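As the structure is a computational prediction, the values presented were derived from the model and not from experiment.
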Amino acid sequence: MYALVDGNNFYVSCERVFRPSLVGRPVVVLSNNDGCAIARSNEAKALGVRMGHPWFECRQLEEQHGLVALSANFALYGDMSDRMMAVAASYAPRQEIYSIDESFLDFSGVRGDLVAQCREMRTRILDWAGIPCGVGLGPTKTLAKLANHIAKTAERKPGSYPKELAQVCHLGAMQTSELEALMAATEVGEVWGVGPRIGFQLVNAGVKTVLDLARLDPVAVRRRFSVVLEKTVRELQGTPCIELDDAPAPKQQIMCSRSFGHPITRGFDLATAVTEFTSRVAEKLRAQESAAGALVVFIRTSPFRPDDPQYSGSTTVPLIRPTADTSELVASALAGLRRIYRKGFRYAKAGVMLIEFQPRGRVQCELDLGTETGIPDEGVAATRDKSKLMAAVDSVNRRYGRGSLILASAGLEGAQRPWSMKQERRTPNYTTVWSEMPIVRA
DNA sequence: TCTGGGGTCCTAGGACCC
DNA sequence: TCTGGGGTCCTAGGACCC
């Protein structure tokens, strides 16, 4: 039996832990650059704020209804996530951390009343981490996801589902008739794996509810749609097709991209941004002990400014020898940037993606054919020295905070970083920076 | 004025191999 | 009219997830 544990309105809940005055009020958390709403409290949802709703379109709700908007504080959310995941992990032999606010638990071999245990877990997460959760149980991951949806909706919208299913819902422990009634009351688009496109096609074909989907013939679904949707149908029928993945493979690509706080025209400013983004991906690359064989750089103007001349450039830069060294990666990224940069455009976004990974320490070297590469061969010993340097940089930045040690080409002063994000409403890093720790006065 | 940032998997089609 | 029969690898694009 699987459970899905999911934090309610997670980013908003994290903020409310340290600002209890926000409880009961409409709150949204905004994306980078305070662009659009990426988390909404129930009260904000009730005001009609959509997921991804641009802030400039709903900001009038600030005055009209006291909507509170906060800039995203991902350092805080990541730390709160760790706390929540740790409590959940203590209730089952295996856990898959599926996203920042969700984990699957595998209760195989666990005896006793699972609903009671999940209720206790939910209470403990609320007490210890301060995060309210919904828990869904089912014999497959897709059914656990569906159960979680029912648990949260039953709590948020009284009357939508039987109220005893609120907070914790177990689809694996009920009569078929009861399960089918719940499926018939749920739209097909709520199913994990059914997105807007497939959902539209299904509804057009008369498959409107989860029950309609669960009753389709998996073989026919595979023919007409795909093997992916076939698995979804089988999982709804109770046959596990998607395994719990508690040891995710290393990533195959690592990306860092951002929209700028202001439009950028100068190549120099793009270069500081590309340096910073490359430093970030290089750090992540080293954390998973990989080396990259190539990287992609891209820059583009804003599609939301149709009156501006539009340009989008991207290029793949192969690396002579796979590396995880920040300075080598940055040199290649900047070489790529020089190739794609065009004068006279107002750039809105840039990004760097690392690809073609190999495990570090097992790096394929090149055959020296005496060709003029222009790159001096420093040999394996030099590579080893550099990896020590990188390890030192990473450990300094872990200890003293990101950005303590950087490449100078990332820009040392604010004036050299005009692209930096707009974050006018960010809350303190309550749990990760000593100087920002909240102080309680008795 | 103002519109996020990361990922994965599957499929179809083309190039190429013997 | 009729043009072999298998394969692999790579890429682009589309769909999904949070």
Side-chain angles (χ1 to χ4, degrees), chain A residues 4-11 28-40 49-60 62 69-74 77-78 81 96-104 141-142 145 148-149 188-202 221-232 241-243 245 248-263 277 280-281 284-285 288 294 296 298 300-308 314 316 346 348-357 421-425:
Chain A
L4 180 72
V5 191
D6 181 335
N8 298 347
N9 314 327
F10 183 66
Y11 298 163
V28 294
V29 171
L30 302 176
S31 62
N32 282 339
N33 289 311
D34 297 342
C36 54
I38 53 172
R40 308 153 295 153
V49 182
R50 300 184 314 272
M51 186 66 180
H53 205 141
W55 173 235
F56 73 91
E57 281 179 22
C58 52
R59 67 182 312 161
Q60 79 284 354
E62 214 174 5
L70 301 169
S71 304
N73 183 346
F74 290 111
Y77 311 149
S81 172
E96 172 188 345
I97 295 176
Y98 179 67
S99 73
I100 193 164
D101 70 328
E102 282 173 73
S103 70
F104 286 101
K141 287 169 80 175
T142 303
K145 267 278 205 185
N148 179 274
H149 167 76
V188 72
E190 300 294 345
V191 173
W192 188 41
V194 176
R197 298 293 177 112
I198 303 292
F200 182 77
Q201 292 176 42
L202 285 171
V221 168
R222 182 183 200 137
R223 263 202 308 272
R224 170 143 178 208
F225 293 91
S226 67
V227 64
V228 182
L229 195 65
E230 181 199 3
K231 286 185 183 176
T232 299
C241 299
I242 306 171
E243 302 245 311
D245 185 8
K251 298 205 183 314
Q252 299 175 44
Q253 50 181 37
I254 295 175
M255 175 144 98
C256 177
S257 74
R258 283 208 214 316
S259 301
F260 302 140
H262 304 279
F277 301 165
R280 293 281 306 124
V281 289
K284 293 187 201 170
L285 184 72
Q288 71 161 33
V296 180
F298 72 88
R300 68 164 169 81
T301 53
S302 172
F304 299 110
R305 298 169 161 275
D307 295 341
D308 278 9
S314 113
T316 302
R346 289 156 57 82
K349 184 171 183 171
V352 177
M353 181 160 68
L354 301 181
I355 53 175
E356 293 179 20
F357 295 168
M421 286 190 294
K422 193 168 103 183
Q423 281 196 311
E424 288 169 353
R425 307 148 172 270

task: Measure from CD on A:Glu424 to C1' on B:dC2 and round the result to the nearest Å.
output: 10 Å
message: Counting the atoms with a prime plus P, OP1 and OP2 as sugar-phosphate, which does A:Asp101 contact under 4.0 Å by heavy atoms, base, sugar-phosphate, or nothing?
response: sugar-phosphate
query: Just wondering, more than 12 heavy atoms not from A:Arg224 lying within 6.0 Å of its CZ?
result: no
- prompt: To the nearest Å, how far apart are A:Arg50 CZ and B:dT3 P?
  reply: 15 Å
Closest to side chain of A:Arg305, choosing from B:dT8, C:dC18, B:dC2: B:dC2
- prompt: Counting side-chain heavy atoms from CB outward, which of C:dC17, C:dC16, B:dG7 is closest to A:Ile198?
  reply: C:dC16
- request: May I ask you to say what A:Lys422 touches in the nucleic acid, namely base, sugar-phosphate or nothing, with a heavy-atom cut-off under 4.0 Å?
  value: nothing
- request: In whole angstrom, give the distance that lies between atom CH2 of A:Trp192 and atom P of C:dC18.
  value: 8 Å
query: NA contact type, A:Ile254, heavy-atom cut-off 4.0 Å: base, sugar-phosphate, or nothing?
result: sugar-phosphate
message: I'd like to know whether CD of A:Glu243 has more than 12 heavy-atom contacts from other residues, nucleotides or ligands below 6.0 angstrom.
response: no
message: Please confirm whether the shortest side-chain N or O distance from A:Ser259 to OP1 or OP2 of B:dG5 is below 4.0 Å.
response: yes
message: Of the listed nucleotides (B:dG7, C:dC16, B:dC9), which one gets closest to any side-chain atom of A:Gln252?
response: B:dC9
- line: With the side chain defined as heavy atoms from C-beta on, A:Ile38 is closest, among B:dG4, C:dC18, B:dG7, to B:dG4
A:Val228 vs A:Ile198 side-chain heavy atoms within contact, under 4.5 Å: no
field: A:Lys349 side chain near B:dG5 phosphate (N/O to OP1/OP2, under 4.0 Å)
entry: yes
task: Write down the distance between CE (A:Met353) and C1' (C:dT11), rounded to a whole number of angstrom.
output: 13 Å
statement: The nucleotide from C:dC17, B:dG7, C:dC16 with an atom nearest the side chain of A:Arg197 is C:dC16
- request: Classify the nucleic acid contact of A:Pro303 as base, sugar-phosphate or nothing, counting any heavy atom under 4.0 Å across all strands shown.
  value: nothing
query: Just how far, in rounded Å, is C1' of C:dC16 from CD of A:Glu230?
result: 17 Å
- request: Give the ring-plane orientation class for A:Phe277 versus A:Phe260, where under 30° counts as parallel, over 60° as perpendicular and anything between as tilted.
  value: parallel
- prompt: Does B:dG13 pair with anything, Watson-Crick or G-U wobble, both distances under 3.5 Å, and if so, with which nucleotide?
  reply: C:dC10
field: Atom-pair distance (CD on A:Glu57; P on B:dT1), nearest Å
entry: 14 Å
message: Taking A:Ala348's backbone N and O only, do any of them form a donor-acceptor pair with A:Ser302's side chain (distance below 3.5 Å, no angle check)?
response: no
- prompt: So what does A:Val191 touch, heavy atoms closer than 4.0 Å: a base, only the sugar-phosphate, or nothing?
  reply: sugar-phosphate
message: In whole Å, I'd like the distance from the CD atom of A:Gln253 to the P atom of C:dT11.
response: 13 Å
message: Using a 6.0 Å cut-off, check whether atom CZ of A:Phe200 has over 12 heavy atoms from anything other than its own residue.
response: no
task: For A:Cys36 and for A:Val228, locate the closest nucleotide of DNA chain B by heavy-atom distance; then report the residue assigned to the nucleotide nearer the 5' terminus.
output: A:Cys36
- request: Choose from B:dG6, B:dG4, C:dC18 the nucleotide whose nearest atom is closest to any side-chain atom of A:Lys145.
  value: C:dC18
query: What nucleotide among B:dG4, C:dC18, B:dG6 has an atom nearest to a side-chain atom of A:Ser31?
result: B:dG4
statement: In whole angstroms, the gap separating C1' of C:dA15 from CG of A:Leu229 amounts to 11 Å
- prompt: Which sits closer to the 5' end of DNA chain B, A:Ser257 or A:Phe56, going by the nucleotide each is nearest to?
  reply: A:Phe56
message: Base, sugar-phosphate or nothing for A:Arg59? Non-hydrogen atoms, less than 4.0 Å.
response: nothing
